[in-house]
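To start, the structure itself, in structure tokens.
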Protein chains: 2
Amino acid sequence: MRASDRAYAALRDDITEWRLLPGTVLAEVEQSERLGVSRTPLREALSRLTAEGLTTTAGSRGVVVTDVSLDDIDELFELRETLESKAAALAAERADPGVFLQLHKELLEAPALIDGSDPGRHAYYDLAGRLDAAIDAAVSNSYLAQAMRGLRVHLVRVRRLAADDAQRLTAAAAEHAAIAEAIAARNPRLAEAATILHLHRSLSHVKNTHTPHHKEHHG
Amino acid sequence: MRASDRAYAALRDDITEWRLLPGTVLAEVEQSERLGVSRTPLREALSRLTAEGLTTTAGSRGVVVTDVSLDDIDELFELRETLESKAAALAAERADPGVFLQLHKELLEAPALIDGSDPGRHAYYDLAGRLDAAIDAAVSNSYLAQAMRGLRVHLVRVRRLAADDAQRLTAAAAEHAAIAEAIAARNPRLAEAATILHLHRSLSHVKNTHTPHHKEHHG
DNA sequence: ATGAGGCCTTCTGTATACACTGAGGGAGTC
DNA sequence: GACTCCCTCAGTGTATACAGAAGGCCTCAT
């Protein structure tokens, strides 16, 4: 793997896992020494992060980690609802039902995954990721898929703000199951409605459980 | 202005103006010499182009200009319809009507601009760009605005494929005027409908006037 | 004491040199 | 004659050196 890829992945994870807090200045020499790469691949990594919106160039002070305010979360979910509800509807028109029937079956059994002992909930998030990937594949629109990929990076960061307790994840699994079921039934409007419902509940959960502490890390 | 910005702008224009045809290999040393910059800023420019989708890294052969097939245009307009119809609806909910009343008035007078002698139709495209900017500002969603910015780069390239004759531009101006009018009237569903209608007619025009010659430039 | 100006430090932006990988061609062998 | 192996070369990936700019701090003058 290239050094620039390693630097990008490391920085992206540090930002989405909130190890690098908003407002942190990412000085090139400092980060290149920390990550063990030279400045050239590090700059490429910073360019990619800035293109995705995880960092921004603050004048001549280098790049800083972007903030995530309450307004940002609203805007993020507004775009997310636009894209994902459309994607779900298109998937319902174009999908092979078999894939989504299988996903639906697995999602109904998701509570067993969530009650498990994995604190990272990897098994569940893997399953949710497979549903996203299946929708992307069914929609078969590379531009739409790219736009949603760009969003999901930010969503991982927001997800870390909310306490994803077992109760919420169990409910989310049921909502995901409803989406998969609607797509398998090839019902676009139902798939769209199920997606909108799921996203609204996700947003409510994020906003209720964890009032974002977005202005306290600016030193 | 930085050298990397100049290199990016030059390459982006060369690609959207079809001076660099799809399939063209952009070798780093060759392009850095042509544009009069070093390899380092040129690489940054190529990274930006690749992030936008105008180029792609073809294995170890460097970056190549991406192709625009008929399917790509369909996908592009599918995403464009999703984003712009939503943006128009949100703008209708949130806009200050004054701005769009003024734009509506100017768009009704657009045929005078189009009949002018400017072959680049700059006056008209400026007006259309101001409508886009006004919608972006009214929606006030930076994520949605960024997603639409990413699309517009590709649309400029596709526009060059179609013969934007005075007749089509006059019709497009009327469609734009309908969108501005609906937003000024604060009617979201009407704004959405007018946008969908405009995009469908644009797509039909592109596909009818100029069957894309997308497989003939691959040497 | 306070403000302004100059110097110094440290950062980014750019250029260039070096290494490594992959592909292509030529020669040798079966 | 064909296939395989090796050599060479071109091109990217990485490191580092250098220059220009900006910000901060110190000093001097008022």
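Residue numbers begin at 1 in each chain, while the letters A, B, ... track the order of the sequences.
- Note on residues 34-46 of chain B: pairs passing salt bridge (Lys or Arg N to Asp or Glu O under 4.0 Å), not counting sequence neighbours, are A/R43-B/E44, A/E44-B/R43, B/D14-B/R34, B/E28-B/R39, B/E28-B/R43.
- For A/T40, the side-chain hydrogen bond (donor to acceptor under 3.5 Å, both in side chains) test picks out no residue, with sequence neighbours left out.
- Taking B/Y143 as the reference, A/H154 meet the ring pair (Phe, Tyr, Trp, His ring centres under 6.0 Å) condition, with sequence neighbours excluded.
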Which atom pairs, one a donor and one an acceptor, fall under 3.5 Å between side chains of residues 2-9 of chain B and the rest of the protein, sequence neighbours left out?
unit_1	atom_1	unit_2	atom_2	d
B/R2	NE	B/D5	OD2	3.2
B/R2	NH2	B/D5	OD1	3.4
B/D5	OD1	B/R48	NH2	2.5
B/Y8	OH	B/E52	OE1	3.0
B/Y8	OH	B/E52	OE2	2.7

Q) Base, backbone or nothing for each nucleotide of nucleotides 10-19 of chain D, written B, S, -, heavy atoms under 4.0 angstrom, 5' to 3'? A) --BBBBBB--

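- Listed by chain and number, the residues in a side-chain hydrogen bond (donor to acceptor under 3.5 Å, both in side chains) with A/E106 are A/Q102, A/R130 (sequence neighbours excluded).
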